[in-house]
Colleague: 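Got a structure here, written out as structure tokens. Questions coming.
Order of appearance sets the numbers: ligands from 1, and atoms from 1 within every ligand.
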Amino acid sequence: MWFFRSPSIIYGEDSLSFLNNLPCSRILIITDRNIVSMGLAQKVIKELPEGSESMIIGNVPVEPTMSFIRSQAKTVNEFRPDLIIGLGGGSSMDCAKACFVSYERPDLDLYEITPMVNLDLRKKAKLVLIPTTSGTGSECSWASVISEDDHKRKNELASPEIIADYAVLDPEMVKDLPWEIRRSTAVDALTHAVEGYTSAWKNPYSDIFSRKAVELITHNLPFLSKGEKGMGRIMDLHMGASMAGLSFSNSQITLAHSLGHSLGALYRAPHGICVGIFLPYVIEFNYPESGSQYDELISMFPEEMRRKKLDGTVREFYRIIGMPTSIEKIGIKKEEYLQNMETLVSLAMESTGTTLNPRETGRKEMEELFMKVIK
Ligand SMILES: [Fe+2]
């Protein structure tokens with residue numbers, strides 16, 4: 001028995017106005033300072049039902065910690081929301097999921113958010129997620145990544161019950177994304193799509209979303225790199241990222257995420273860059289196991305980017321969008337990187353992506369993959 005899980009998805013121009021019809025009167029928005037200063041939180045507030053009261057928690061840090069979630073409990077309880085909105089990138093949306101659980105179930109510890117525990121939520125509020133980047137897919141997933149306070153470990157709190165009631169994909173929320181953020185988040189989404197297509201838990205439903213996601217991302221991002229501002233392309237990319245989210249959250253990510261999470265834990269480079277620089281090498285490594293699936297994905301790329309193998313096709317896509325392809329290009333020093341190799345390998349070996357990778361991977365292979373991205 002298996003399940004395909006998804007929130008209700010509202011998408012396209014003006015989809016924020018959907019909020020106006022929700023039966024709610026006390027709305028809590030969880031977001032970060034940047035989103036507030038860009039005026040995006042205000043745009044959401046304008047669309048809330050008339051006469052409703054709203055409150056913003058607007059200081060979500062880049063990697064929210066368990067203490068941060070716990071420290072918000074009093075504020076959330078006092079406000080008594082009947083709707084919680086997570087607005088932002090992965091951090092804000094993941095934070096909203098965790099705060100939603102701690103508000104609904106103050107008797108539970110955050111570590112109890114696992115698929116094995118019946119959380120019995122939605123007695124007090126519903127959950128809406130509104131992404132402001134086109135990449136993480138958190139609006140579609142049933143995981144919330146919350147770091148330990150010392151940032152040495154990221155807890156993947158997961159339960160099907162923390163899938164949002166609604167995911168709202170409005171291009172207005174992503175139209176002014178700076179290019180570097182658009183590129184790194186889109187590469188993250190491409191990596192989700194490719195890994196969801198080859199993980200040990202891949203399935204016919206995730207396959208469909210992976211294929212369409214690869215098409216939407218690779219056909220649209222290059223035009224946005226040239227400064228084109230078409231809302232159609234921005235929306236298509238936004239949908240592509242959420243479809244990649246639907247794919248991997250119903251299958252799993254694999255080795256590029258194991259390597260990228262490990263790199264990201266030691267160096268503060270954007271997540272999409274960390275996973276993306278490994279993707280072509282992981283494809284190369286997995287070809288003996290997943291070659292036919294990779295070959296199927298080549299046809300999802302624009303014709304002029306297609307090469308004989310998928311790793312070459314992805315490299316051509318990277319060339320067009322100017323994606324950094326080595327640690328040197330993202331400012332990581334080779335000597336320090338080599339000194340950290342033991343830790344990098346250990347962290348990557350612990351990741352669930354390693355277990356679900358189509359090809360078995362030991363420490364030796366992991367180290368070889370880390371070595372590939374030096375230059
Ligand atoms: Fe990712």
Colleague: Within this structure, what is the NZ-CG distance for the pair Lys226 and Leu221, rounded to the nearest 0.5 Å?
Modeller: 10.0 Å
Colleague: Give me the ring orientation class for Tyr337 and Phe370: parallel if the planes are under 30° apart, tilted from 30 to 60°, perpendicular past 60°.
Modeller: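 Geometry flag for Phe370 against Tyr337: perpendicular rings.
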Colleague: Excluding sequence neighbours, so at least two apart, what forms side-chain contact (heavy atoms from CB on, under 4.5 Å) with Asp120?
Modeller: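 Partners of Asp120 under the side-chain contact (heavy atoms from CB on, under 4.5 Å) test: Arg105, Asn118, Lys123.
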Colleague: Is it true that Asp165 and Arg122 have a side-chain N and a carboxylate O under 4.0 angstrom from each other?
Modeller: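 Looking at Arg122 together with Asp165, the answer is yes, because their closest N to O distance falls below 4.0 Å.
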Colleague: Keeping to distances under 2.8 Å, can you name the protein N/O/S atoms close to the Fe ion (ligand 1)?
Modeller: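 Listed by chain and number, the nearby protein N, O or S atoms are Asp188 OD1, His192 NE2, His257 NE2, His271 NE2.
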Colleague: Using ring pair (Phe, Tyr, Trp, His ring centres under 6.0 Å) as the criterion, point out the one residue from Trp2, Phe4, Phe3 that pairs with Tyr205.
Modeller: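 Exactly one candidate clears the test, Phe4.
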Colleague: Do the side chains of Leu344 and Phe285 join up, straight or via other hydrophobic residues, at under 4.5 Å, putting them in one cluster?
Modeller: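 Result: yes, single cluster for both.
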